[in-house]
2 protein chains.
Amino acid sequence: MSVTIKDIAKLAGVSHTTVSRALNNSPLIQEETKERIRLIAEQLDYTPNYSAKSLVLDRSYNLGLFFTTLSKGTSAGFFYEAIRGVNSVIQDRYQLIVKGIDDYSSFQSITRKSFDGIIIVSQSDDDQAIIEHIVSKGIPLVVLNRPVTTAGVLNILSDEEQGAFLACSYLIEQSHTRIALIEGRKGFKSAQNRKDGFERAMKHYGIKVPPIYRIPGLYDLESGHKAMQQFLALEERPTAVFSCNDEMALGAMKAISEAGMQVPKDISVVGFDDTVFAAYVTPALTTVRRPIEQISKEGALRLLGNIENKQHETEQVLLKTELVVRESVKKLST
Amino acid sequence: MSVTIKDIAKLAGVSHTTVSRALNNSPLIQEETKERIRLIAEQLDYTPNYSAKSLVLDRSYNLGLFFTTLSKGTSAGFFYEAIRGVNSVIQDRYQLIVKGIDDYSSFQSITRKSFDGIIIVSQSDDDQAIIEHIVSKGIPLVVLNRPVTTAGVLNILSDEEQGAFLACSYLIEQSHTRIALIEGRKGFKSAQNRKDGFERAMKHYGIKVPPIYRIPGLYDLESGHKAMQQFLALEERPTAVFSCNDEMALGAMKAISEAGMQVPKDISVVGFDDTVFAAYVTPALTTVRRPIEQISKEGALRLLGNIENKQHETEQVLLKTELVVRESVKKLST
DNA sequence: AAGACTATTGTTAACGTGTGCATGAATGTG
DNA sequence: CACATTCATGCACACGTTAACAATAGTCTT
């Protein structure tokens, strides 16, 4: 079948041990011999059998990249940026195995033999179970995007509460006082954080928000659309809406234009995430940029550090978010 | 360290062979013995070492999912749907390894030992090299999204030429005669197919298209924006634009509104792909739906069939696209 | 009741690679 | 020149699993 080190050994007139050492650049082997063996390996188009390597070295060369879910609730852009970020770091050294946590019926198959390290892009508290499983197995782990307090876990995320605070403060500075909130998907930590930022800004500036100005959403276009319809039906409409993500903001804008009104002339809208299309809708959406690609890059980098130095760095890193001002907010005259 | 079948064997008072057979549900073993062994395995929280299995069974349990590129030119939605489709099919049986073809400096590491099968979501003719490598290694392969003639390759894609024809015919049926084209990224097969559909429709209905009505784009928002600006600067503007994907269509719509005009009142726009946001922009975008998730599902399914039955199905499957009529096209009065 | 057959389990080797220890040659030391 | 030391390589085994073949006991056939 395929070429093994024994085939090379035979041709080179040495033992397979010598070949193994030569190809791993061991200092025990003479430079001259190494060169000869490398040449033969090249000519035979030799590729190491990673299953055999894994078995004896107790490493899998696999990196797990797990999302809370692949089938529902994860936005395409988010998903894409996360994979890109991680992928740009690992290059050739590892294989990237992508999976949705909700696809696992049992975590049994997640062992130190099958993953050298795992990155969880977490969007829900429900991920706690798998996190604990991974930690208990002693697999190096980094959790992105959601705060986690479990011991022994690297944790990298953006400060979403701060981002939401930023966005809402901006609305208030534009003299808005009737500000409504379209919340994120229930159970997602990000939904809570963003709402917290909203509430803090309101409190900080002493703005009263009636209960009907808060409607839960599902992070998708449709729920934003529906929520906005409800706001529009109100007797005293809000003059501005903070939507917990861009997709819902888009749905909201759609509802506004369907009602014969205009953004930002009649109602201002702010989103969150700075999705690729935010800059290109009409009007361009003012939103909060969350450095997902940077988070996943940073996470992958540190995870590799932990794996290769066998250390156990375990801090929490908060990366700052940034307000991107575009055209969807109007400054009210005071 | 971790539990092996030998540990179980010792506790059960049998040989490790018997344990192996029992856990693989071999008919050679007494039902009673099997039950006893399964129980012990469960209690010890045994997990098979997949490296060892792979080594002896000559299977990796890995499925490769390769994209032409992860870093440039692949749209997030496209990427997301493809992964979802494949993932929904493979469930627990395989690990899904995601990679960008342009990340490979050498294909050497792609062997039959490291991948049981490979799915290529191909967007460029440049992928031919890796396709040939994979075929030469005898790895089961399915190529999605782009037509491929290499022997021994399963090929599943949508009939994009037909989709473009559909879209352009629709424009013509709405009495448009000055129809412009924003082309896709050069070198991408889809760009060629969609253009072909455009040309066929024009020819079929006997519509003349001046050369300046065709501008190449890059499949991103910005290039659509720029292309539209050029159309708008023309003395005799088109009344309708067929954009080779939704993102460029969005960019085009942006340019139109910046010029103080409206879609579809002043200019009609049709896109391609039916991206998630197409339904929620204002006006909602008329576009061509390409069943990516279905394509990748179908592809994964057939690939698994080929792997597990050791057969070599090698046909080309064309899945029909569908025109989604929304609000971005105006019927001209004749 | 002897031989053939069947059902169940064990023995042993194999997959491809890495590593501790042994070996032998060459070199250095006193 | 005898002995210690260093350098380069080989031998044998280990990693955890599966499978071909052997072995044993029990059952059936005539």
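Numbers restart at 1 for each chain; the letters A, B, ... are given by sequence-line order, proteins then strands. These numbers were taken from a predicted model, which means no experiment stands behind them.
- In this structure, A:N25 atom CG and C:dT19 atom P are separated by 14 Å, rounded to whole Å.
- For the salt bridge (charged side-chain N to carboxylate O under 4.0 Å, His left out) test, residues two or more places apart in sequence or in another chain that qualify with A:E160 are A:R194, A:R290.
- Legend: residues meeting salt bridge (charged side-chain N to carboxylate O under 4.0 Å, His left out) with B:K189, ordered by chain and number and at least two apart, are absent.
- The shortest heavy-atom contact between A:P147 and A:N155 is CA-OD1, 3.3 Å.
- Contacts of B:R93 classified as salt bridge (charged side-chain N to carboxylate O under 4.0 Å, His left out), with partners at least two apart in sequence or in another chain: B:E308.
- If you check every strand for non-hydrogen atoms under 4.0 Å, A:T17 touches a base.
- Identified under the salt bridge (Lys or Arg N to Asp or Glu O under 4.0 Å) test for residues 79-88 of chain A, with sequence neighbours left out: A:R84-A:E293.
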ring-ring contact (aromatic ring centres under 6.0 Å, His included) between B:F107 and B:F66, worked out: CA-CA 12 Å; B:F107 301 144; B:F66 298 168; 8.8 Å; no

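- More than 12 non-hydrogen atoms from other residues, nucleotides or ligands lie less than 6.0 angstrom from NZ of A:K34.
- With the end axes of the helix from C:dA1-D:dT30 to C:dG30-D:dC1 each set by five pairs, the angle from one to the other reads 50° at 10° resolution.
- Residue A:L57 contributes atom CG, which lies 16 Å from atom C1' of C:dC15 at whole-angstrom precision.
- At C:dC15, none of the side-chain N or O atoms of A:N49 fall inside 4.0 Å of OP1 or OP2 (strictly under the cut-off).
- Under the salt bridge (charged side-chain N to carboxylate O under 4.0 Å, His left out) criterion, B:K137 pairs with A:D45, not counting sequence neighbours.
- Whole-Å rounding puts the A:L23 CG to C:dG16 C1' distance at 13 Å.
- OP1 or OP2 of C:dT9 lies within a sub-4.0 Å distance of a side-chain N or O belonging to B:T33.
- At whole-Å resolution of the value, NZ in A:K113 and C1' in D:dC15 are 8 Å apart.
- Under the ring-ring contact (aromatic ring centres under 6.0 Å, His included) criterion, B:Y94 pairs with no residue, sequence neighbours left out.
- Residue A:I29 contributes atom CD1, which lies 9 Å from atom P of D:dA8 at whole-angstrom precision.
- The stretch residues 34-48 of chain B comes close to DNA chain D through B:Y46, B:P48, each having a heavy atom under 4.0 Å from the strand.
- Distance, A:Y50 OH to C:dG18 P: 10 Å, rounded to whole Å.
- Taking every heavy atom of both residues into account, A:S15 and A:A9 meet most closely at C-CB, 3.7 Å.
- In this structure, the ring-ring contact (aromatic ring centres under 6.0 Å, His included) partners of B:F79, at least two apart in sequence or on a different chain, are A:F79, A:Y80, B:F67.
- Pairs of residues two or more places apart, or lying in two chains, never qualify as ring pair (Phe, Tyr, Trp, His ring centres under 6.0 Å) while including a residue from residues 20-46 of chain B.
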Let's go through A:E298 and A:Q294 carefully: what are the C-alpha distance in whole Å and the side-chain angles of both, what is the deciding distance for side-chain hydrogen bond (donor to acceptor under 3.5 Å, both in side chains) to 0.1 Å, and is it a yes or a no? CA-CA 6 Å; A:E298 186 73 23; A:Q294 193 193 334; 5.5 Å; no

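- When rounded to the nearest whole Å, the span between OH of A:Y61 and P of C:dT17 equals 11 Å.
- Contact between B:G138 and B:R112 at its shortest, heavy atoms only, is O-CD, 3.5 Å.
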Please list, pair by pair, any protein nitrogen or oxygen found under 3.5 Å from a nitrogen or oxygen in nucleotides 21-23 of chain D.
none

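- Residue A:A52 has its side chain nearest to C:dT17 when only D:dG10, D:dG16, C:dT17 are considered.
- If you check distances only, the side chain of B:H16 never reaches the base of C:dT11 with a donor-acceptor pair under 3.5 Å.
- Residue A:Q30 places none of its side-chain N or O atoms closer than 4.0 Å to OP1 or OP2 of D:dC7.
- Residue contacts for B:S20: at a heavy-atom cut-off of 4.0 Å it reaches a base atom on one of the strands shown.
- Residues from residues 6-15 of chain A that place a heavy atom under 4.0 Å from any atom of DNA chain C, listed by number: A:K6.
- In this model, no donor atom of one side chain and acceptor atom of the other lie less than 3.5 Å apart for B:R21 and B:S26.
- One interatomic measurement links the two molecules: NZ of B:K53 to P of D:dT18, which rounds to 5 Å at whole-angstrom precision.
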